A.B. asks: 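I'd like to ask some things about the structure below.
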Number of protein chains: 2
Amino acid sequence: MTESRSRDRARTEASIVAAAREVLAEDGFQGFGVNAVARRAGCDKQLIYRYFGGLDGLVDAIGADLAGWLESSLASESPPATYAELVERLILGFLEALRGNVLVQKIAAWEIAGPSPVVARLTAARGMALGRWMANTRGDLAPPPGLDAPALNIFLIAAVQQLVLSSSAAGSFSGVPLQSEADWERVKAAAVLIARRVYAEG
Amino acid sequence: MTESRSRDRARTEASIVAAAREVLAEDGFQGFGVNAVARRAGCDKQLIYRYFGGLDGLVDAIGADLAGWLESSLASESPPATYAELVERLILGFLEALRGNVLVQKIAAWEIAGPSPVVARLTAARGMALGRWMANTRGDLAPPPGLDAPALNIFLIAAVQQLVLSSSAAGSFSGVPLQSEADWERVKAAAVLIARRVYAEG
DNA sequence: TCCCTATATCACCGGCCGGTGATAAAAATA
DNA sequence: TATTTTTATCACCGGCCGGTGATATAGGGA
């Protein structure tokens, strides 16, 4: 008596993707494999090969699921008045969005620790989303002339990403705790101050 | 005829540590294990258990080897004149030091992706070294009052670390390339500008 | 009703992993 | 020389991994 499951392909595919997201979010990319995902999904690993063509295809499916995450998290109410305010919102929004999404954190860590073409595509999509949001909400705001805005902005974004990942993994960075909400308020204040001083008017 | 090796314990231990550093620097913490290290060292993995008590002890030995790396890399010639200059040197020095040491890069990535008490100790030591350097070369320079210097500084350090790790893993960050020396000049210019504007006098 | 296809499972393979007990052989000691 | 200690290797274990060919079975169409 081999107890087959619901025999609904779409449903099974969805459950596999869900299981993959769970395994990745909980255990990270280590221990992320066909066996673990299939166990979690309660089905045979063969289905991962049959429906997704292997782990890579499954990761792509996760990526498709993840598209638009940043956009929805970064939704801004009113248009910013200055370029400094625009960057300020970008940084703070990205910080909160990343802090609230463990899955994306794990993917970011994955990209750093074990680069692979598949994961690189996920990360690239995230970068594109950031750029798109910038372009959309920027309006006609322009950075002060003479400033290398892209370089400055990825510098700030990189800081946020590193601090969030370190917080998740170790609870601190370079000896400074990153756990309580007060800790994060310090970080956010620092980010805001930097954005304002860097893009100060006049 | 079982060909024993040189039968010099100190030498064998050193070769094991060297092999461990090589494996870690080349392949990262994935694939870092007793089998890989022993293969690389050309000896039996049993020796790793006998001499180091397992992988953890071996990692500790690497850490002992690595102590003082930052201090020697951050050696500064003349004392800085302003706090802004102090931070500027810290950031630029840390950037070059980290860029030039793949092993430390891999350890930093390890900490983010697969936190463990052993690796945490390595990372903590690095943080302490940064703090020590700051305390030593600061002299009587003080950050402008009203600024949360620790929060601001780890923000900048975190950015540098993230950018270096992303460069190593993917060659870019958020769509901005990080490969040629010109790319890094942009980053360094951005860092310097931020440090100066944040800690601007008056 | 019977058959056929889509769906899902099972059983098995080779390979690498961490870990350990027994053994060989060089070197020190007597 | 004979014995003990140190140094190093070997052979093996159970377990998990990714991957695949053969097999069962549910459900829809004839």
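Values in this document were obtained by computation on a predicted structure and should not be read as measured data. In what follows, chains carry the letters A, B, and so on, assigned in the order in which the sequence lines appear, proteins first and then strands, with residues in each chain numbered from 1.
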A.B. asks: Suppose we screen for salt bridge (charged side-chain N to carboxylate O under 4.0 Å, His left out). Which residues come up paired with A/R197, at least two apart in sequence or across chains?
C.D. replies: none

A.B. asks: With sequence neighbours left out, write down each residue that passes salt bridge (charged side-chain N to carboxylate O under 4.0 Å, His left out) with B/R138, or none if nothing qualifies.
C.D. replies: none

A.B. asks: Roughly how far, to the nearest 0.5 Å, is CD1 of B/I48 from SG of B/C43?
C.D. replies: 6.0 Å

A.B. asks: Of all the nucleotides listed (C/dA6, D/dT7, C/dT9), which has the minimum atom distance to the side chain of B/R7?
C.D. replies: D/dT7

A.B. asks: Which heavy atom of B/E26 sits nearest a heavy atom of B/R40, and at what distance?
C.D. replies: OE2-NH2, 2.9 Å

A.B. asks: A/L47 has an atom CG; how far is it from atom P of D/dA26, in whole Å?
C.D. replies: 16 Å

A.B. asks: Evaluate side chain to side chain donor-acceptor pair (under 3.5 Å) for B/Y199 paired with B/N153, printing each intermediate quantity in order.
C.D. replies: CA-CA 11 Å; B/Y199 292 113; B/N153 291 338; 2.8 Å; yes

A.B. asks: Any N or O donor-acceptor pair linking the side chain of B/R9 to the base of D/dT6 at under 3.5 Å?
C.D. replies: no

A.B. asks: Measure the distance from CD1 on A/I48 to P on C/dT7 and round it to the nearest whole Å.
C.D. replies: 17 Å

A.B. asks: Check the distance between D/dA8's P and B/F52's CZ and give it to me in whole angstrom.
C.D. replies: 11 Å

A.B. asks: Between C/dA8 and A/Y51, is there an OP1 or OP2 to side-chain N/O distance shorter than 4.0 Å?
C.D. replies: yes

A.B. asks: Atom CG of A/L147 and atom OH of A/Y83: how far apart are they, to the nearest 0.5 Å?
C.D. replies: 9.0 Å

A.B. asks: Can you see if the side chain of A/T12 gets near the phosphate of C/dT7 - specifically, an N or O under 4.0 Å from OP1 or OP2?
C.D. replies: no

A.B. asks: How does protein contact run along nucleotides 15-21 of chain D, one letter per nucleotide 5' to 3', with B for base contact, S for sugar-phosphate only, - for none, heavy atoms under 4.0 Å?
C.D. replies: --SBBBB

